[in-house]
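This chain uses plain numbering: 1 for the first residue, then up along the sequence.
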Amino acid sequence: MCIRDRSRAMFDYTKAVLNKVSFDVNLFCVELKKALTRLLPHEIEELKIWVHGLLEQKPQLNQCLIYLNS
């Protein structure tokens, strides 16, 4: 598996985890902070777009946006 495939797999895994914990704001924030330390800069930008889409469905997660803006 090449680096690009591993990177994409990590990004997809991160989205899956965030989606699964999106029922709990605290868990979501913890996992989001972890993701921001593990993903590549271009993946973080893509994750921001994905999270903003998720927030349209789950506005209770808005307080986690602070981690995306720092």
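- Applying the side chain to side chain contact (heavy atoms under 4.5 Å, CB included) rule to Glu46 yields the partners Arg8, Phe11; only residues at least two apart in sequence or on another chain are considered.
- Taking OG1 from Thr14 and CE from Met10, the interatomic distance works out to 5.0 Å, rounded to the nearest 0.5 Å.
- For the atom pair NE2 of His52 and CG of Leu61, the computed distance is 12.0 Å after rounding to the nearest 0.5 Å.
- Among residues two or more places apart in sequence or in another chain, the side chain to side chain donor-acceptor pair (under 3.5 Å) test is passed with Gln63 by none.
- Judged by distance alone, with hydrogens and angles left aside, the side-chain atoms of Gln57 form no donor-acceptor pair with the main-chain N or O of Leu54 at under 3.5 Å.
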For a quick test of your reading: what N or O donor-acceptor pairs under 3.5 Å do the side chains of residues 21-33 make, sequence neighbours left out?
unit_1 : atom_1 : unit_2 : atom_2 : d
Ser22  : OG     : Asn19  : O      : 2.8
Ser22  : OG     : Lys58  : NZ     : 2.8
Asp24  : OD1    : Asn26  : N      : 2.9
Asp24  : OD1    : Leu27  : N      : 2.8
Glu31  : OE2    : Lys34  : NZ     : 3.1

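- Taking CD1 from Ile44 and CH2 from Trp50, the interatomic distance works out to 14.5 Å, rounded to the nearest 0.5 Å.
- Distance check, rounded to the nearest 0.5 Å: NZ of Lys15 to CG of Leu47 gives 8.5 Å.
- Both Leu55 and Ile66 belong to a single network of hydrophobic side chains, linked directly or stepwise wherever heavy atoms of I, L, V, M, F, W or Y lie under 4.5 Å apart.
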